[in-house]
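Please read the structure below before turning to the comments.
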There are 2 protein chains.
Amino acid sequence: MDASEFRRRGKEMVDYVADYMEGIEGRQVYPDVEPGYLRPLIPTTAPQEPDTFEDIINDVEKIIMPGVTHWHSPYFFAYFPTASSYPAMLADMLCGAIGCIGFSWAASPACTELETVMMDWLGKMLQLPEAFLAGNAGEGGGVIQGSASEATLVALLAARTKVTRRLQAASPGLTQATIMEKLVAYSSDQVVATLGTTSCCSFDNLLEVGPICIKEDVWLHIDAAYAGSAFICPEFRPLLNGVEFADSFNFNPHKWLLVNFDCSAMWVKKRTDLTGAFKLDPVYLKHSHQDSGLITDYRHWQLPLGRRFRSLKMWFVFRMYGIKGLQAYIRKHVQLSHEFESLVQQDPRFEICAEVTLGLVCFRLKGSNKLTEALLERINNAKKIHLVPCHLRDKFVLRFAICSRTVESAHVQLAWEHIRGLATELLKAEKE
Amino acid sequence: MDASEFRRRGKEMVDYVADYMEGIEGRQVYPDVEPGYLRPLIPTTAPQEPDTFEDIINDVEKIIMPGVTHWHSPYFFAYFPTASSYPAMLADMLCGAIGCIGFSWAASPACTELETVMMDWLGKMLQLPEAFLAGNAGEGGGVIQGSASEATLVALLAARTKVTRRLQAASPGLTQATIMEKLVAYSSDQVVATLGTTSCCSFDNLLEVGPICIKEDVWLHIDAAYAGSAFICPEFRPLLNGVEFADSFNFNPHKWLLVNFDCSAMWVKKRTDLTGAFKLDPVYLKHSHQDSGLITDYRHWQLPLGRRFRSLKMWFVFRMYGIKGLQAYIRKHVQLSHEFESLVQQDPRFEICAEVTLGLVCFRLKGSNKLTEALLERINNAKKIHLVPCHLRDKFVLRFAICSRTVESAHVQLAWEHIRGLATELLKAEKE
């Protein structure tokens with residue numbers, strides 16, 4: 001395929017994407033396929049000779065789409081949102097074309113520098129303490145990781161390296177293994193200090209945990225994977241109070257801030273804590289500026305060597321929405337979850353199971369867990385909406401998460417009517 | 001931005017991308033910017049109100065492009081190639097639109113199933129032993145990781161879990177720490193068993209290493225990050241002989257197989273070795289099929305929870321090039337590196353420093369390291385081509401890697417004339 005065919009096919013693909021997004025409400029949110037459905041539909045080996053683009057795009061509708069769970073359908077209320085916006089998609093096209101691998105400053109200066117500045121922009125949007133920002137000469141700064149899991153692992157390894165060095169400096173005879181056996185990573189039953197847990201979006205009290213960590217010289221990593229995006233709104237920012245006690249902080253703009261996956265934002269107060277743990281300097285990656293202290297080589301901040309030009313997505317999204325547009329988006333989702341909450345509260349057969357703070361409502365039918373499990377089975381069999389359950393202590397609970405960029409009050413109302421109807425059928429069947 | 005504006009802007013972006021690719025030869029391959037160039041060019045905070053798309057796209061040319069190292073320029077001979085092709089870019093647009101997070105089969109069945117089948121396609125293209133394929137009921141199979149570093153880490157953690165369990169089963173009193181202190185990971189000075197090292201593309205002898213690993217019950221992980229793509233050509237496949245002794249094998253189609261970053265292909269013989277080490281099963285990720293043994297939940301195969309629909313890129317690329325097209329692409333690069341090799345050999349001032357097997361030529365000026373270092377400095381200051389050095393034993397060596405999809409004999413010839421000219425100037429200056 002040459003550039004001129006790409007011009008044609010690329011524009012067809014833009015239309016396909018726009019058609020998909022515009023028509024997504026008409027697609028069944030959860031697919032009908034059974035495990036193993038796909039293999040018989042395609043050849044057992046790659047073709048020797050090229051297939052045509054028409055063949056492939058036809059197969060997308062015929063083979064792929066029937067097996068897709070439509071995360072951006074306004075009837076998708078499962079897990080947590082994954083971000084999707086047109087500006088991010090445009091930026092991703094550009095990112096693919098530039099196609100640089102930004103492991104060092106020299107490997108593509110714009111890739112590194114835009115990332116540092118965008119992480120400062122985002123840090124300021126969250127009113128992070130100055131110590132987390134890179135600025136012109138700060139000791140801290142931000143980096144885009146692929147996922148919150150990676151960010152947590154990076155924080156854990158950095159903390160381990162730091163404490164190991166401290167202990168070995170104090171007692172040079174100590175082996176790494178002896179130290180490792182004694183190291184303890186404290187976490188709640190939802191892992192590390194968390195703002196907005198996956199199950200029910202609960203919040204750890206940083207103002208209690210933080211001072212203890214400072215006193216005991218314990219690395220404090222805060223994970224706000226989902227909830228972090230909300231902190232750009234002043235009314236939700238108090239949930240982040242105590243972040244000033246943390247060594248590292250992470251949340252996922254790729255969840256709720258309209259920046260398509262992957263884009264997990266991580267800040268540290270001391271960049272040398274990361275670069276000390278991960279530094280990798282073979283000759284073929286050396287460049288003339290690296291010892292000048294002026295530049296950032298992001299390969300020392302992460303596990304993989306390679307990295308895409310992901311900050312373009314942030315740049316496009318922040319500029320094309322503006323801070324006000326992003327705040328309005330968060331507020332709309334929170335308002336929709338409260339709307340759903342009040343619908344549930346009006347029906348005496350149901351109960352709300354956790355405080356609704358952001359975009360997640362945890363609810364269940366009053367009575368046995370079996371009853372709510374049976375309701376979920378009916379919901380999932382009907383496939384009109386999609387949601388997933390969780391356990392809160394000993395209770396089986398349904399999670400209704402506001403997810404889609406295009407979800408409106410009407411969809412929430414329809415979803416609730418649907419759930420109510422299934423509950424009525426279920427309770428009737430139970431009586432008979 | 002609504003769908004109709006996206007149709008317009010998306011098509012403009014397609015043209016921008018095509019223009020960029022078509023005109024890339026005219027751009028200076030390595031930028032002139034100094035560290036810190038970007039920050040003064042953009043505002044210190046995100047805008048409150050939205051910017052226009054025109055503003056942003058203008059800023060791409062004004063602010064971003066001057067700081068880009070053009071990895072897809074035919075004058076880029078640095079590091080190793082990073083893949084770029086139009087079919088992969090088209091697939092990535094679709095991937096962004098579907099925007100599913102494929103951590104479990106249920107989270108988007110097509111995402112999981114296409115990946116399994118594409119990894120089988122690719123495994124067959126490489127003539128991997130049957131044991132590495134998933135097929136309908138195999139114990140092995142493939143997974144797309146983000147990078148070779150992640151694949152290596154996953155293999156290492158899986159190996160550690162496996163041996164720890166074996167030792168604890170034999171001696172239940174052993175603590176994890178005691179075992180950990182005794183564990184040894186063997187590697188060469190280029191890490192794990194490697195086919196095609198970064199410095200000089202050398203090959204470990206798997207037929208020697210493999211049987212020892214089998215005898216001693218040692219996990220053998222093979223990393224062929226760059227070279228792996230070449231094994232789709234029968235004439236290069238012997239380099240992979242001995243893979244039958246390995247527990248896990250990895251290479252990066254995102255380097256040399258025209259599948260844009262990220263796409264690191266990893267196979268294991270026993271998928272239970274991975275799922276045993278990484279299994280994660282909270283209620284909100286459970287689904288009705290997961291205990292049936294029929295399905296794959298890829299979150300158990302990797303470190304992050306989230307994952308994109310990356311197999312679409314493989315599907316588009318394999319089909320639109322066909323195996324023959326991909327083989328022709330590899331062969332062209334290898335031929336160009338031999339062409340460069342013979343040019344170097346014709347100049348008695350230079351020497352070849354390692355056997356040229358695939359697309360990398362390691363060479364230097366005869367004489368002191370200082371001389372070749374000075375040559376590199378002249379090359380990098382001229383910025384007509386871009387390459388990076390390495391150390392081979394005690395020698396400072398230049399790496400000439402065939403990288404760009406569009407590089408032709410004429411570019412290689414020009415690059416060599418340029419290097420020769422700079423060498424002549426240098427040697428003349430040295431004499432004076």
Side-chain angles (χ1 to χ4, degrees), chain A residues 1 3 6-7 10-11 13-14 17-18 20 22 33 35 38-39 45-51 56 64 67-69 71 82 84 86 89-90 92-93 96-97 99-101 108-110 113 117 121 124 147 149 177 181 260 283-284 289 294-295 304-306 318-320 322-324 388 390-391, chain B residues 1 3 6-7 10-11 13-14 17-18 20 22 33 35 38-39 45-51 56 64 67-69 71 82 84 86 89-90 92-93 96-97 99-101 108-110 113 117 121 124 147 149 177 181 260 283-284 289 294-295 304-306 318-320 322-324 388 390-391:
Chain A
M1 178 176 283
F6 174 72
R7 287 179 202 273
K11 288 165 192 177
M13 186 59 88
V14 166
V17 166
Y20 173 70
E22 283 194 311
V33 299
L38 185 136
R39 193 180 283 271
T45 56
Q48 287 291 327
E49 306 286 344
D51 288 342
I56 297 170
I64 303 300
V68 169
T69 303
W71 281 61
T82 183
S84 173
Y86 292 121
M89 285 189 239
L90 292 171
D92 241 0
M93 291 164 68
C100 64
I101 304 296
S108 219
E113 297 206 7
V117 177
W121 273 23
K124 287 176 189 171
S147 66
S149 316
E181 192 171 28
N260 285 41
V283 182
Y284 51 79
H289 290 294
L294 289 171
I295 58 99
L305 180 58
F318 297 165
R319 293 185 67 180
M320 295 191 72
I323 294 176
K324 286 187 182 170
V388 293
C390 72
H391 279 301
Chain B
M1 180 177 282
F6 173 72
R7 287 179 202 272
K11 289 165 192 176
M13 187 59 88
V14 166
V17 166
Y20 173 70
E22 283 194 310
V33 299
L38 185 137
R39 192 180 285 270
T45 56
Q48 288 291 326
E49 305 287 343
D51 287 343
I56 297 171
I64 303 300
V68 169
T69 303
W71 282 61
T82 183
S84 173
Y86 292 122
M89 284 189 241
L90 292 170
D92 241 359
M93 290 164 68
C100 63
I101 304 296
S108 217
E113 297 206 7
V117 176
W121 274 22
K124 288 175 188 171
S147 66
S149 317
E181 191 169 26
N260 285 42
V283 181
Y284 50 81
H289 290 294
L294 289 171
I295 57 98
L305 179 59
F318 297 165
R319 294 185 68 181
M320 295 193 72
I323 293 176
K324 286 186 182 171
V388 294
C390 72
H391 279 300

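All chains are named by letter (A, B, ...) in the order of the sequence lines, taking the proteins before the strands, and each is independently numbered beginning at 1.
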Is A/Ser149 in contact with chain B via its backbone, its side chain, both, or neither, using a 4.5 Å heavy-atom distance?
side chain
May I have the step-by-step check of side chain to side chain contact (heavy atoms under 4.5 Å, CB included) for A/Phe318 and B/Asp51, ending in yes or no?
CA-CA 9 Å; A/Phe318 297 165; B/Asp51 287 343; over 6 Å; no
Pairwise side-chain contact, A/Arg319 with A/Trp121, heavy-atom cut-off 4.5 Å (strictly under)
yes
Give, as side chain, backbone, both or neither, the part of A/Lys324 having an atom under 4.5 angstrom from any heavy atom of chain B.
both
Please give me the minimum heavy-atom distance between A/Pro109 and B/Val33, naming the atom from each residue.
CB-CG2, 3.8 Å
Looking only at heavy atoms, which two atoms of B/Ser108 and A/Val68 are closest? And how far apart?
OG-CA, 3.6 Å
Quick one: which of B/Cys390, B/Gly306, B/Ala97 has the most heavy-atom pairs under 4.5 Å with chain A, could you say?
B/Ala97
Between A/Cys100, A/Ala46, A/Pro304, which has the largest tally of heavy atom pairs under 4.5 Å with chain B?
A/Ala46
Given heavy-atom pairs under 4.5 angstrom as the criterion, report whether the side chain, backbone, both or neither of B/Thr82 touches chain A.
side chain
A/Arg39 versus B/Glu113: any side-chain heavy-atom pair under 4.5 Å?
no
Chain B heavy atoms under 4.5 Å from A/Ser147: which part of the residue, side chain, backbone, both or neither?
side chain
At a heavy-atom separation under 4.5 Å, does B/Glu49 approach chain A through its side chain, its backbone, both, or neither?
both
Engaged part of A/Gln48 at the chain B interface, taking heavy atoms whose separation is under 4.5 Å
both
What is the minimum heavy-atom distance between A/Met89 and A/Ser84, and which atoms define it?
CE-OG, 3.6 Å
Do the non-hydrogen side-chain atoms of B/Leu90 and A/Met1 ever get within less than 4.5 Å of each other?
yes
A/Met93 and B/Val17: which non-hydrogen atoms are nearest, and at how many Å?
O-CG2, 3.9 Å
Side chain from CB out, backbone as N, CA, C, O: work out which of these in B/Tyr20 comes under 4.5 Å of a heavy atom of chain A, or both, or neither.
side chain
Answer key: most heavy-atom pairs under 4.5 Å with chain B among A/Lys124, A/Lys11, A/Met13, A/Arg7 is A/Arg7
Tell me which of these, A/Asp92, A/Ile56, A/Asn260, has more heavy-atom pairs under 4.5 Å with chain B than the rest.
A/Ile56
